Structure formats: C-alpha cells, structure tokens
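Here the structure is a predicted model, which means the values were calculated and not measured.
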Amino acid sequence: MHEMLPNPRACLARLHAAEAAGRAAALALTAYADGTSREVKVEAKTKGVERVGQRRARYAARLWYRHGRPRPDLGQIEYSHSWEEQSLECRGRELVTKSSRGHTLSTFEDAE
C-alpha cells in the first residue's frame, strides 16, 4: 500500500508509531484460570526505525502469537502459533506498507 503524507517528518512519525505499537503488543506468557494461555512476542526485522540514506527510513517486525489450551483427551496442552508481519518504508513523504500473516502447525506438550 502506498500513501502520500504531508511531509517526510510525518512519514517518519508513522514508523515510530508502528514501532511503539509493536512493543506495546508484546505479552509475557499469561496463564488463565480455565487452563488456557497466551503469549505475544515481537521479532524485530530491523534495528528499530532505520535510516537508509538521506530520504529513506524503514521499520519491520513480526508479531508471534501463541495460544495454549488443555487437551484432556490427550493429556497434553495444544499450542497454536500464528504471526503477523509488517514492513513500513518512508521514501520521502511516501509511506509504503507491506503486511502478511500466517500460522504454523499446532505443537503439543505434556500437561503438568
């Protein structure tokens, strides 16, 4: 997606906002009373907001989501894994955004 912003500073501000939103989305492994659990990790693809030459900057990260639920029928806990990746690049005042999402196969661990 391409978006024209008022000026390069506005574009850079959007990159910093995306970086802050990614950090805010992180969630340590949290277990709930019903036996389910949730965790969100941030996998940085860039070292924060990076300058690339005079008129370009970029930011990219992948959020990993891990949800666990007990499987009493198996005596295990099933974990589902999904991810969302976002890449943003400023080219002057033009903001180019790319995103993707997906999931992996479930994994299982013995219930304690």
Side-chain angles (χ1 to χ4, degrees):
M1 181 172 86
H2 295 261
E3 182 179 352
M4 294 305 286
L5 299 173
N7 56 54
R9 283 188 311 280
C11 191
L12 196 56
R14 292 280 289 275
L15 269 59
H16 285 289
E19 178 185 23
R23 279 195 314 270
L27 175 68
L29 180 60
T30 305
Y32 301 99
D34 64 357
T36 62
S37 63
R38 182 168 187 240
E39 180 178 33
V40 181
K41 291 186 177 183
V42 179
E43 178 185 351
K45 298 293 187 174
T46 58
K47 294 178 182 178
V49 174
E50 297 178 335
R51 291 283 192 166
V52 184
Q54 287 288 90
R55 300 189 38 81
R56 290 186 178 216
R58 65 181 174 209
Y59 169 74
R62 179 179 286 178
L63 295 177
W64 283 96
Y65 301 93
R66 180 181 179 207
H67 301 276
R69 70 181 181 103
R71 290 288 307 267
D73 57 322
L74 301 175
Q76 296 186 316
I77 299 174
E78 179 181 8
Y79 291 99
S80 63
H81 311 270
S82 60
W83 54 270
E84 295 177 1
E85 188 167 334
Q86 188 174 39
S87 172
L88 297 92
E89 182 176 351
C90 289
R91 299 173 184 168
R93 65 186 192 101
E94 178 185 18
L95 175 62
V96 179
T97 305
K98 298 176 184 174
S99 60
S100 58
R101 60 180 48 186
H103 64 277
T104 65
L105 296 174
S106 292
T107 58
F108 296 84
E109 293 180 11
D110 288 334
E112 294 178 16

Mind running side chain to side chain contact (heavy atoms under 4.5 Å, CB included) on Arg23 and Val42 for me, showing each step along the way?
CA-CA 7 Å; Arg23 279 195 314 270; Val42 179; 5.9 Å; no
Between [X] and [Y], which heavy-atom pair has the shortest distance, and what is it?
X: Leu105; Y: His81; result: O-CD2, 3.6 Å
X: Asp34; Y: Pro70; result: O-CG, 4.0 Å
X: Tyr79; Y: Gly68; result: CD2-CA, 3.5 Å
X: Ser100; Y: Trp83; result: OG-CZ3, 3.3 Å
X: Leu5; Y: Arg14; result: CD2-NH1, 3.4 Å
X: Pro8; Y: Arg55; result: CG-NH1, 4.4 Å

Taking only residues two or more places apart in sequence or in another chain, which ones pass side-chain contact (heavy atoms from CB on, under 4.5 Å) with His16?
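So His16 forms a side-chain contact (heavy atoms from CB on, under 4.5 Å) with Leu12, Glu19, Val49.
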Nearest 0.5 Å please: distance from the [atom1] atom of [X] over to the [atom2] atom of [Y].
X: Glu94; Y: Arg56; atom1: CD; atom2: CZ; result: 8.5 Å
X: Thr97; Y: Met1; atom1: OG1; atom2: CE; result: 4.5 Å
X: Gln76; Y: Ser106; atom1: CD; atom2: OG; result: 11.5 Å
X: Leu63; Y: Lys41; atom1: CG; atom2: NZ; result: 13.0 Å
X: Thr107; Y: Arg66; atom1: OG1; atom2: CZ; result: 6.0 Å
X: Arg91; Y: Met4; atom1: CZ; atom2: CE; result: 11.0 Å

So, do [X] and [Y] sit near enough that their side-chain heavy atoms are less than 4.5 Å apart?
X: Leu27; Y: Arg38; value: yes
X: Thr36; Y: His67; value: no
X: Glu84; Y: Tyr65; value: yes

Between Glu43 and Lys45, is the closest basic N to carboxylate O distance under 4.0 Å?
yes
Whether Arg62 and Glu85 form a salt bridge (side-chain N of Lys/Arg under 4.0 Å from carboxylate O of Asp/Glu) is what I want to check.
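Salt bridge between Glu85 and Arg62, a charged N being under 4.0 Å from a carboxylate O: yes.
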Under the 3.5 angstrom rule, does the side chain of Thr46 hit a backbone N or O of Ala60 as a donor-acceptor pair?
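Side chain of Thr46 to backbone of Ala60: a pair is present.
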Flag for Ser80-His103: side-chain donor and acceptor within less than 3.5 Å
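No.
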In terms of heavy-atom contacts, does CZ of Arg101 have more than 12 from other residues, nucleotides or ligands at under 6.0 Å?
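Open: at most 12 neighbouring heavy atoms sit under 6.0 Å from CZ of Arg101.
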